[in-house]
K.L.:
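One structure coming up, written as structure tokens, with questions to follow.
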Protein chains: 4
Amino acid sequence: MVKKPAPDATRRSEKSRRAIYAAALALVGEVGYPKTTVEGIAARAGVGKQTIYRWWGSKADVLLEAFLDLGEQTAREAGQEPYAIPDTGDLAADLKAVLRATVDELLDPRFDVPARALTAEGVVNEQLGREFVAKLLEPQLQLYVDRLRSAQDSGAVRPGIDPRIALELFVSPLAQRWLQRTAPISHAYTDTLIDYALHGLAPR
Amino acid sequence: MVKKPAPDATRRSEKSRRAIYAAALALVGEVGYPKTTVEGIAARAGVGKQTIYRWWGSKADVLLEAFLDLGEQTAREAGQEPYAIPDTGDLAADLKAVLRATVDELLDPRFDVPARALTAEGVVNEQLGREFVAKLLEPQLQLYVDRLRSAQDSGAVRPGIDPRIALELFVSPLAQRWLQRTAPISHAYTDTLIDYALHGLAPR
Amino acid sequence: MVKKPAPDATRRSEKSRRAIYAAALALVGEVGYPKTTVEGIAARAGVGKQTIYRWWGSKADVLLEAFLDLGEQTAREAGQEPYAIPDTGDLAADLKAVLRATVDELLDPRFDVPARALTAEGVVNEQLGREFVAKLLEPQLQLYVDRLRSAQDSGAVRPGIDPRIALELFVSPLAQRWLQRTAPISHAYTDTLIDYALHGLAPR
Amino acid sequence: MVKKPAPDATRRSEKSRRAIYAAALALVGEVGYPKTTVEGIAARAGVGKQTIYRWWGSKADVLLEAFLDLGEQTAREAGQEPYAIPDTGDLAADLKAVLRATVDELLDPRFDVPARALTAEGVVNEQLGREFVAKLLEPQLQLYVDRLRSAQDSGAVRPGIDPRIALELFVSPLAQRWLQRTAPISHAYTDTLIDYALHGLAPR
DNA sequence: TAATAACCGAGACGGTACGTCATGTCTTCAC
DNA sequence: GTGAAGACATGACGTACCGTCTCGGTTATTA
């Protein structure tokens with residue numbers, strides 16, 4: 001529920017919308033989120049400011065949609081099974097592979113800058129934060145839930161475990177290191193996380 | 001390196017400094033971080049704007065120091081050993097107790113709003129982020145490192161485990177739920193985190 | 001030369017035209033000329049903006065035509081000889097009567113507000129000013145010219161006098177007091193003007 | 001009563017004030033009043049918009065003061081007796097001389113454009129109109145009142161005449177021709193006005 | 001014990017961006 | 001092909017803050 005209510009969406013200019021997405025992502029990448037302004041986006045997109053305010057409520061809204069759109073775009077190009085966790089039967093290997101790919105993505109500035117900006121905005125702006133989580137984060141976490149459920153069926157994870165919590169043992173540490181820069185992230189690091197999470201800290 | 005270099009700190013007005021801290025925290029609590037302005041802080045503190053710019057570089061700097069000061073203040077009032085993790089010999093119980101206290105703190109708006117604001121700013125502003133982590137976050141995480149080392153000595157944690165990574169298994173999930181509101185936080189939740197982290201997801 | 005050139009006037013909607021006149025006059029009366037907008041007129045008249053821009057060049061043009069139309073309307077209702085100066089043989093009395101009627105009109109807000117707005121626009125916008133003078137002002141002044149010529153024939157005005165200049169001795173003062181509010185206007189005032197103009201300031 | 005109430009006038013920047021006056025007059029002269037904008041004035045004066053809004057309420061206010069200031073400036077440069085009507089004993093000659101000078105001024109674009117703009121604004125904006133009249137127009141008219149009083153003392157004007165009305169017989173016609181462009185203005189024209197006004201239209 | 005620095009409050013300043021409003025053009029659809 | 005509707009690029013509005021600056025007025029050493 002981020003959009004303003006009224007205007008006639010059927011008459012909306014597709015060209016302007018795409019130009020605005022492109023301008024917003026470009027500017028955030030080039031000058032950073034705080035220095036990205038609605039005026040700047042409008043000027044770069046060759047669009048009137050009002051066209052932005054007609055369809056979005058703030059630069060955060062614009063960027064959120066632009067980022068969502070970028071994700072869909074990328075997914076469509078990447079092709080077949082965009083978002084899914086492999087299920088080779090080896091849970092540890094599957095999770096390590098996915099987390100390694102995630103590390104690579106987090107280190108790519110094309111992704112890092114807007115994602116960081118949106119996350120920061122969402123931390124402080126509850127409405128946007130909830131939208132960000134619902135549209136972007138939760139669908140991805142759900143993939144882990146599914147994979148962990150499958151692992152429970154095959155006996156690789158204990159039956160009593162709540163997968164929604166379990167996934168956080170390895171996903172959240174990576175997220176926090178990325179967001180707060182508490183420590184560097186690497187493939188070795190995420191491999192370790194998976195090992196610790198699966199086998200626990202206590203001796204067995 | 002947040003402060004400006006020049007002025008003579010010995011002549012600094014303690015009264016103004018305290019008034020600025022109080023105004024900054026009050027405003028962030030009342031109107032939120034984005035609507036908190038340097039002008040607003042100055043007006044509320046009954047202080048000239050220059051007095052703020054003389055000693056700090058931005059509202060983020062002011063708030064960071066105000067928050068740090070608040071922490072020390074609170075600690076001093078709370079008394080003896082402000083930040084330390086108990087070591088009763090029962091690792092699980094000790095960690096659960098500390099995390100429960102952390103949950104309570106995160107749910108207290110007096111702490112939540114400024115902490116959230118600073119974290120958000122730090123996500124996007126690397127300099128401030130590093131300062132925030134170094135001064136606030138890392139010292140706290142170090143306490144977990146110490147407790148886990150002690151647990152390794154007593155055999156409650158496997159010797160090969162890296163405590164700096166291990167603590168993230170339960171600390172980061174809580175942090176992420178709090179920051180991104182991916183799911184509610186509670187004592188039951190953090191208890192579960194400790195159990196999962198200590199004993200792992202895989203059957204033994 | 002105020003209208004745009006092109007469209008087919010035979011297919012023009014009479015209803016829209018009248019609605020636009022009414023809306024324009026109503027808005028100027030209610031909110032004043034500067035706050036009267038083309039969008040406002042269109043909305044109030046239940047008409048698309050383009051319908052205004054198709055037939056007029058600006059809000060000043062619309063108002064000018066609306067005012068002209070109002071004049072014709074009023075004249076038609078008032079009946080027979082709308083604009084003519086009586087010729088009873090007593091020049092002073094005839095002129096005083098007409099000026100008194102003019103004073104009454106100038107004090108009527110239904111006339112005052114749009115006339116004032118158009119005059120102001122004409123002061124600054126030469127094209128509109130000339131149109132305003134040619135279509136509205138000059139025809140009325142011509143009536144005075146005629147009456148003064150008749151007075152010259154009957155010996156009530158000196159033969160060498162230029163009537164086009166002469167009429168200004170009493171018409172312009174009234175106009176200036178009205179427009180610039182340099183002093184109040186009244187029947188007594190216009191009577192005095194006629195006396196001064198006819199007999200001069202110098203002793204005889 | 002055009003200025004906003006609050007700010008501390010003693011700290012006002014004289015340089016900015018002068019730059020704003022100059023920019024306002026220059027812009028009105030170059031692009032006309034309607035295309036003169038507050039933003040344009042600020043940009044041309046090298047001044048923040050707020051500095052204009054701090055001290056004036058609108059572009060009309062700015063222009064009014066700029067014009068007043070221009071008048072004083074000019075008067076000061078012109079020297080000794082800036083605004084006074086000569087009193088040679090020959091009333092007709094004195095008035096003709098002053099009106100001829102006025103004609104020359106009205107035909108000078110440096111004076112014409114801003115004066116016209118202010119007058120137009122004053123026609124429609126009562127507050128500004130009254131200020132314009134009180135500060136600019138009325139003081140000048142008062143000079144005629146004085147001269148006519150002196151003429152009454154010397155017997156050149158009938159004793160019963162009200163000078164405040166009498167002056168309008170020749171001043172207002174000139175004003176109307178200038179403002180409304182009802183007819184051209186010239187020295188011959190104003191000479192005629194004086195003759196008609198002094199000796200009347202009626203035969204003697 | 002004065003002088004002389006500095007910090008202090010206040011707030012004006014040149015700017016940037018805000019979010020809104022109106023302009024005049026253009027396109028779509030109904031009649 | 002006129003007309004209602006309204007999206008569009010444009011650009012000014014008047015406001016809010018930014019960070020810098022200058023102005024007296026207290027302090028609080030230093031000569």
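Proteins come first, then strands; the chains are lettered A, B, ... in the order of their sequence lines, and each starts at number 1.
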K.L.:
Is there a side-chain contact between Ile20(C) and Trp56(C) (heavy atoms, below 4.5 Å)?
P.N.:
yes
K.L.:
Could you give the CD-to-P distance, from Glu14(B) to dC7(E), as a whole number of Å?
P.N.:
16 Å
K.L.:
Set out, line by line, the N/O atom pairs under 3.5 Å between protein and nucleotides 14-18 of chain E.
P.N.:
unit_1: dG14(E); atom_1: OP1; unit_2: Ser16(D); atom_2: OG; d: 2.8
unit_1: dG14(E); atom_1: OP2; unit_2: Gly48(D); atom_2: N; d: 3.4
unit_1: dG14(E); atom_1: OP2; unit_2: Thr51(D); atom_2: OG1; d: 2.7
unit_1: dC18(E); atom_1: OP1; unit_2: Val38(A); atom_2: N; d: 2.8
unit_1: dC18(E); atom_1: OP2; unit_2: Val38(A); atom_2: N; d: 3.3
unit_1: dC18(E); atom_1: OP2; unit_2: Glu39(A); atom_2: N; d: 2.8

K.L.:
What integer distance in Å separates Trp56(C):CH2 from dT23(E):C1'?
P.N.:
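Atom-to-atom, Trp56(C) to dT23(E), this comes out as 18 Å.
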K.L.:
In whole Å, what is the span from the CG atom of Asp61(C) to the C1' atom of dG24(E)?
P.N.:
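Between C1' of dG24(E) and CG of Asp61(C): 14 Å.
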K.L.:
Rounded to the nearest Å, what distance is computed from the CH2 atom of residue Trp55(B) to the P atom of nucleotide dG9(E)?
P.N.:
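Distance check: Trp55(B) CH2 to dG9(E) P gives 12 Å.
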K.L.:
Do you know which two heavy atoms are closest between Val62(B) and Ala24(B), and how far apart they sit?
P.N.:
CG1-CB, 3.9 Å
K.L.:
Distance check needed: dG9(E) P versus Ile41(B) CD1, whole Å only.
P.N.:
14 Å
K.L.:
Kindly say whether, by distance alone, the side chain of Arg12(C) makes a donor-acceptor pair under 3.5 Å with the base of dT2(F)?
P.N.:
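No pair found.
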K.L.:
Identify, with sequence neighbours excluded, every residue that meets side-chain hydrogen bond (donor to acceptor under 3.5 Å, both in side chains) alongside Arg181(D).
P.N.:
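side-chain hydrogen bond (donor to acceptor under 3.5 Å, both in side chains) list for Arg181(D), sorted by chain: empty.
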K.L.:
Verify the neighbour count for atom CZ of Arg110(A): are there more than 12 heavy atoms of other residues, nucleotides or ligands below 6.0 Å?
P.N.:
no
K.L.:
With a 4.0 Å cut-off, would you call Glu30(D) and Arg44(D) a salt bridge?
P.N.:
yes
K.L.:
Determine whether a donor-acceptor pair (one donor, one acceptor, N or O, separation below 3.5 Å) exists between the side chain of Arg11(D) and the base of dT22(F).
P.N.:
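Looking at the base of dT22(F), it does pair with a donor or acceptor on the side chain of Arg11(D) (distance under 3.5 Å).
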K.L.:
Taking the side chain as everything from C-beta on, heavy atoms only, tell me whether Tyr33(A) gets closer than 4.5 Å to Lys59(A).
P.N.:
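Sidechains of Lys59(A) and Tyr33(A): in contact.
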K.L.:
Between dG19(F) atom P and Ile52(B) atom CD1, what is the distance in whole Å?
P.N.:
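So the two atoms are 11 Å apart, to the nearest Å.
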K.L.:
What is the distance, to the nearest angstrom, from the CZ atom on Arg44(B) to the P atom on dG9(E)?
P.N.:
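About 16 Å, once rounded to whole Å.
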K.L.:
Starting from P on dG25(F), measure out to CG on Asp8(D) and report it in whole angstrom.
P.N.:
12 Å
